[in-house]
Amino acid sequence: MSKKVLHIDENHPILHEDLAAQGFENHFDFHCTKQELINKISSYQGLIVRSRIPIDQSVLVAASNLEFIGRVGAGLENIDLNFAEKQGIHCIAAPEGNRNAVGEHALGLLLNLLNKLNKADKEIRSGRWDREANRGVELDGKTVGIIGYGHMGKQFARKLQGFDVEVLCYDIKAGIGDAHARQVAMAEFFEKVEIVSLHLPHTALTQGLCNLSFIEQFKNPIWLMNTGRGSAVVTADLVSALDSNKVLGAGLDVLEFEKKSFENFFEQENLPEAFSALLQSDRVILSPHVAGWSEESHIKLAQTITEKVRALYAP
């Protein structure tokens with residue numbers, strides 16, 4: 001009898017096609033509620049998710065036959081990992097699948113920001129030709145600091161290798177610096193860094209990390225990039241730092257006010273005043289949580305999950 005896998009979020013077809021080739025029976029329910037998932041999950045050995053429904057203890061208690069959860073994305077923060085481990089459920093993510101997309105997107109945001117491309121484009125479209133006010137700032141000669149030196153941070157550091165920059169990294173794990181970035185303590189990070197790129201998951205330690213107190217510890221005014229999780233940056237404090245020129249500009253693919261499912265941001269009512277300030281600033285570039293969302297990563301994320309499932313059941 002084949003093992004059954006429930007897919008509750010839509011992904012690239014290669015994912016279920018490869019699982020079928022491995023002998024799994026695929027079932028799909030892209031609109032089920034959390035309670036409907038709880039009611040049916042005991043029938044399945046595998047669960048494929050993105051972020052729509054949090055896989056918390058109430059779901060896992062009902063998952064009496066579940067052997068693995070595959071999250072088609074980089075992180076596992078929407079799964080209660082401790083309880084899943086107690087239940088003997090293997091949890092699989094796919095940071096290898098979209099790390100290149102994130103690295104390229106982060107570099108694109110940074111170069112756009114330094115060269116005021118969005119601002120210049122808008123001005124020309126409105127009939128304004130202002131060369132002096134749109135002078136760019138060169139990346140060469142700068143010190144770039146990466147906070148969170150995992151799959152995404154390392155890939156961004158690789159993308160910087162064509163530039164004449166010093167790259168430093170900080171991470172709570174020791175000994176993870178490499179040929180592309182030198183790992184340092186925060187004291188040296190604050191002393192030298194001019195461009196800060198955040199590549200952090202959502203945890204108790206990272207939530208609100210980048211607040212005004214944090215920003216003010218940098219010796220130099222900084223350019224701030226965030227392609228990790230929006231919860232790492234306190235938006236009101238970022239706006240204050242932009243106003244004081246302690247932050248020269250910000251490239252944000254993620255926002256503090258996003259829903260945990262990363263769905264339509266503008267469905268919310270009464271968006272915070274700090275967000276309105278970001279919208280009005282020509283020193284801020286925003287994208288809708290798409291750094292890891294390329295055409296190629298759509299395929300690679302799916303392939304990474306199926307490869308890890310295959311390895312899980314390998315003799």
Side-chain angles (χ1 to χ4, degrees), residues 73-75 93-118 135-201 206 209-210 218-229 232-233 247-254 283 285-287 289-301 303-304:
E96 303 90 343
N98 64 354
R99 60 189 175 189
N100 186 71
V102 171
E104 290 192 8
H105 192 95
L107 181 58
L109 275 179
L110 178 57
L111 293 175
N112 190 331
L113 193 64
L114 294 177
N115 290 284
K116 304 180 182 179
L117 297 182
N118 274 19
R135 280 186 186 270
V137 174
E138 294 183 14
L139 178 53
D140 272 14
K142 301 291 187 296
T143 299
V144 180
I146 298 171
I147 300 181
Y149 204 59
H151 286 279
M152 310 304 166
K154 287 179 181 289
Q155 196 66 23
F156 180 51
R158 290 189 184 97
K159 301 302 180 189
L160 292 168
Q161 293 308 292
F163 296 90
D164 182 16
V165 293
E166 180 181 14
V167 184
L168 306 179
C169 67
Y170 175 82
D171 196 284
I172 58 173
K173 295 181 180 178
I176 62 169
D178 56 22
H180 307 303
R182 180 169 62 89
Q183 188 170 7
V184 298
M186 279 308 299
E188 184 174 352
F189 198 95
F190 285 133
E191 177 72 18
K192 294 184 175 179
V193 164
E194 299 160 278
I195 296 165
V196 179
S197 189
L198 303 178
H199 298 270
L200 296 167
T206 65
L209 171 72
C210 187
F218 286 92
K219 178 181 178 181
N220 304 300
I222 61 170
W223 302 83
L224 180 67
M225 311 286 298
N226 189 10
T227 53
R229 289 291 183 261
V233 176
V247 172
L248 300 172
L252 307 174
D253 179 55
V254 290
R283 292 187 290 144
I285 297 177
L286 304 169
S287 56
H289 204 133
V290 293
W293 205 244
S294 69
E295 296 291 340
E296 292 82 0
S297 73
H298 190 37
I299 298 170
K300 289 189 283 188
L301 284 165
Q303 289 174 326
T304 301

Once rounded to the nearest 0.5 Å, what's the spacing between atom [atom1] of [X] and atom [atom2] of [Y]?
| X | Y | atom1 | atom2 | value |
| --- | --- | --- | --- | --- |
| N115 | E138 | CG | CD | 8.5 Å |
| L198 | T206 | CG | OG1 | 9.5 Å |
| R182 | I146 | CZ | CD1 | 13.0 Å |
| S197 | I222 | OG | CD1 | 11.0 Å |
| D253 | L109 | CG | CG | 6.5 Å |

Whether over 12 other heavy atoms sit under 6.0 Å from I176 CD1:
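Yes, the 6.0 Å shell around CD1 holds more than 12 heavy atoms from other groups.
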Donor-acceptor pair, distance only, cut-off 3.5 Å: does the side chain of [X] make one with the backbone of [Y]?
| X | Y | answer |
| --- | --- | --- |
| S297 | G292 | yes |
| N98 | L301 | no |
| D140 | D164 | yes |
| D178 | A181 | yes |
| K300 | R99 | no |
| N100 | G103 | no |
| R283 | V247 | yes |
| E194 | T143 | yes |

For H105 and S287: C-alpha separation, side-chain torsions, deciding distance, then whether side chain to side chain donor-acceptor pair (under 3.5 Å) applies.
CA-CA 10 Å; H105 192 95; S287 56; 3.0 Å; yes
Search all heavy atoms of [X] against all heavy atoms of [Y] and return the closest pair with its distance.
| X | Y | value |
| --- | --- | --- |
| I147 | F189 | CG1-CZ, 3.4 Å |
| G249 | L113 | C-CD2, 3.7 Å |
| P201 | R229 | C-CG, 3.9 Å |
| A74 | M152 | CB-CE, 3.3 Å |
| H180 | A157 | CB-CB, 3.9 Å |
| T304 | A93 | CG2-O, 4.5 Å |

Report yes if the side chains of [X] and [Y] come closer than 4.5 Å at any heavy-atom pair, otherwise no.
| X | Y | value |
| --- | --- | --- |
| K159 | E104 | yes |
| L139 | V144 | yes |
| V137 | K142 | yes |
| Q183 | D171 | yes |
| L200 | N226 | no |
| F156 | H199 | yes |
| L107 | L111 | yes |
| N220 | V193 | no |

Can you find a side-chain donor-acceptor pair between Q161 and R158 that sits under 3.5 Å?
no
Does a side-chain N-to-carboxylate-O contact under 4.0 Å join K192 and E188?
yes
Describe, in one word, how the ring planes of F190 and F218 are oriented to each other, choosing from parallel (under 30°), tilted (30 to 60°) and perpendicular (over 60°).
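The arrangement is perpendicular - the two ring planes meet at more than 60°.
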